[in-house]
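Naming: A, B, ... by sequence-line order, numbering from 1 per chain. It should be emphasised that the depicted structure is a prediction, and the values quoted were computed from it without experimental measurement.
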There are 2 protein chains.
Amino acid sequence: MRKDALHNRERLLRAARRLFADRGLDVPLEEIARTAGVSIGTLYNRFPTRETLVAAVFEDRVATVAELAEQALAADDAWEGFVAFLTGVCELQAADLGYNEIVARGATTGTDTGYAVMLRIVAQAQERGALRDDVTLEDLAFVLWGIAATVRATFRIAPGAWRRHLALTLDGLRAGSAHPLPAPPLSPDQARAAMNDCP
Amino acid sequence: MRKDALHNRERLLRAARRLFADRGLDVPLEEIARTAGVSIGTLYNRFPTRETLVAAVFEDRVATVAELAEQALAADDAWEGFVAFLTGVCELQAADLGYNEIVARGATTGTDTGYAVMLRIVAQAQERGALRDDVTLEDLAFVLWGIAATVRATFRIAPGAWRRHLALTLDGLRAGSAHPLPAPPLSPDQARAAMNDCP
DNA sequence: CTCAAATTTGAGGAGAGCCTCAACTTATGC
DNA sequence: GCATAAGTTGAGGCTCTCCTCAAATTTGAG
């Protein structure tokens with residue numbers, strides 16, 4: 001790749017990172033190009049679709065979440081680890097509206113490795129008697145999804161307000177507070193499908 | 001109002017009711033007019049803005065929710081009443097994607113009477129020791145908001161799946177399972193603002 | 001320095017929706 | 001019936017965003 005091309009790529013990523021974080025994933029591509037000081041044509045040269053650009057911008061988050069997961073699994077107290085993981089994911093969302101929308105569109109459960117790690121977190125927390133036995137990873141995904149809505153809503157007005165919502169939800173997830181659940185859990189495929197073509 | 005005008009108004013409302021329920025509030029107005037067998041100009045004659053149309057279509061829901069609230073307040077078991085109210089609101093959403101989006105845009109907390117009634121439900125459930133003392137109506141609005149996301153996602157694929165999410169959440173709201181909350185609650189105005197200009 | 005390959009550029013076509021308004025049609029009181 | 005106010009119509013202008021492509025420019029190997 002030629003050096004000017006690489007340079008423009010960097011400028012585009014910087015601009016996109018900033019705009020996605022502040023205004024979400026639906027910023028007009030033309031605006032990203034303008035902010036980067038580059039023409040719309042160049043943007044399309046480097047990133048043929050919006051999706052490729054989004055993927056490039058949020059590439060690093062995959063590693064960050066994996067790291068959070070490792071820490072959760074290594075924690076002495078299973079419940080603390082579990083809470084720290086969920087809190088960490090929410091903090092990522094609270095720091096970046098774009099990442100929030102990625103979660104809100106179900107991309108989290110999309111990656112296979114991410115899925116596997118989260119399964120282990122749930123399993124460990126349940127084995128150690130911290131997390132109620134009847135929840136599945138899919139339940140958790142929806143619960144987290146709901147909190148994502150609160151994170152997004154309070155993004156500007158009251159950063160940190162989502163911590164209350166998370167705390168309330170966690171109190172319902174503790175092993176001690178379990179009451180019978182009224183319906184069978186969703187299969188992984190069903191959950192993925194539901195989140196991906198959410199109206 | 002002339003009789004043909006009234007007739008067209010009815011046809012428009014019928015079409016809008018159906019399309020909003022199936023596809024949400026963002027259906028193109030031209031499509032509503034076409035479905036109603038009427039021109040776009042007529043739609044604009046009857047309903048100058050999308051908002052007036054939406055308001056007319058969902059007018060009846062206000063009464064329905066008030067009724068649910070009355071039943072909740074009259075219940076013998078305070079917790080049962082509280083649960084029935086939340087369940088009822090979710091069922092309304094599950095039956096109508098348009099109403100789901102209205103809730104998801106925070107219009108529920110908008111009406112003053114609705115607000116007052118919900119305050120009474122919360123207060124009563126807390127006085128009778130069923131609902132944990134540290135939650136506010138605003139907390140509840142966000143929680144319900146989160147569940148609305150699940151209702152919307154599972155709308156087609158797994159109707160009823162949201163009942164699990166609601167049940168988990170309720171287990172966190174019971175008086176018995178309360179652990180300290182990490183942040184101060186939002187004021188009513190803050191909550192309203194957060195929901196109304198949610199990015 | 002030269003030139004071909006790589007890259008950039010931005011005007012413009014395409015599609016979706018919103019909304020208006022001047023010309024036409026219909027209901028209704030007299 | 002008739003006049004007229006009320007109502008309907010839909011083509012067309014407007015805005016926004018996406019995306020393409022032929023012409024102009026830049027890079028870097030030889």
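- Using modelled atom types, no side-chain atom of Glu30(A) and backbone atom of Ser39(A) make a donor-acceptor pair closer than 3.5 Å.
- Residue Leu29(B) is classed as a sugar-phosphate contact, given heavy-atom separations below 4.0 Å to backbone atoms only.
- Picking from dT8(D), dC18(C), dT8(C) the nucleotide with the shortest atom distance to the side chain of Tyr44(B) gives dC18(C).
- For the pair Arg128(A) and Phe82(A), the cation does not sit on the ring face, since its NZ or CZ is not both under 6.0 Å from the ring centre and inside 45° of the axis.
- As a whole-Å value, the separation of Leu43(B) CG from dT20(C) C1' is 14 Å.
- Here the nucleotide nearest the side chain of Asn8(A), chosen from dT8(C), dC18(C), dG10(C), is dT8(C).
- dG7(D) atom P lies 17 Å from atom CZ of Arg11(B), rounded to whole Å.
- Between Arg9(A) and Ile40(B), it is Arg9(A) whose nearest contact on DNA chain C lies nearer the 5' terminus.
- Contacts of Arg46(A) with the nucleic acid, taken as non-hydrogen atoms under 4.0 Å apart, involve only primed sugar atoms and P, OP1 or OP2.
- Heavy atoms of Asp4(B) sit under 4.0 angstrom from primed sugar atoms or phosphate atoms, though from no base atom.
- Between Val27(B) and Leu6(A), it is Leu6(A) whose nearest contact on DNA chain C lies nearer the 5' terminus.
- Look at CG on Asp26(B): it is 13 Å from C1' on dA16(C), rounded to the nearest Å.
- A salt bridge links Glu91(A) with Arg163(A); the closest basic N to acidic carboxylate O contact falls under 4.0 Å.
- Recorded end-axis angle for the helix from dC1(C)-dG30(D) to dC30(C)-dG1(D) stands at 0°, based on five pairs per end and rounded to 10 degrees.
- Distance Arg50(A) CZ to dT17(D) P: 10 Å, rounded to the nearest Å.
- Distance CZ (Phe47(A)) to C1' (dC19(D)): 17 Å, rounded to an integer number of Å.
- Atom CD1 of Ile32(A) is separated from atom P of dT17(D) by 12 Å (rounded to the nearest Å).
- Remark: the Asp139(A) side chain and the Thr136(A) side chain contain an N/O donor-acceptor pair separated by less than 3.5 Å.
- Residue Ser39(B) places no side-chain N or O under 4.0 Å from the OP1 or OP2 atom of dG10(D).
- Note on ring orientation: taking the six-membered ring where Trp is involved, the planes of Phe58(B) and Tyr99(B) are tilted (angle from 30° to 60°).
- Applying the 6.0 Å contact sphere to CD of Glu10(B) captures more than 12 heavy atoms from other residues, nucleotides or ligands.
- Looking at the side chain of Arg2(A), the nearest of the listed nucleotides dT8(C), dT27(D), dT20(C) is dT27(D).
- Although no hydrogens or angles enter the test, the distance criterion places no donor-acceptor pair under 3.5 Å between the side chain of Arg164(B) and the main chain of Val135(A).
- Each of Met1(B) and Glu30(A) lies near DNA chain D, and the nucleotide nearest Met1(B) is the one positioned closer to the 5' end.
- Atom-to-atom, CG of Asn45(B) to P of dC24(C) comes out at 18 Å; the value is rounded to the nearest Å.
- The nearest whole Å value for the distance from the CZ atom in Arg34(B) to the P atom in dT9(D) is 14 Å.
- The side chain of Lys3(B) has dT28(C) as its nearest neighbour among dG10(C), dT8(D), dT28(C).
- For the pair Arg192(A) and Tyr115(A), the distance from NZ or CZ to the six-membered ring centre is under 6.0 Å and the angle to the ring normal is within 45 degrees.
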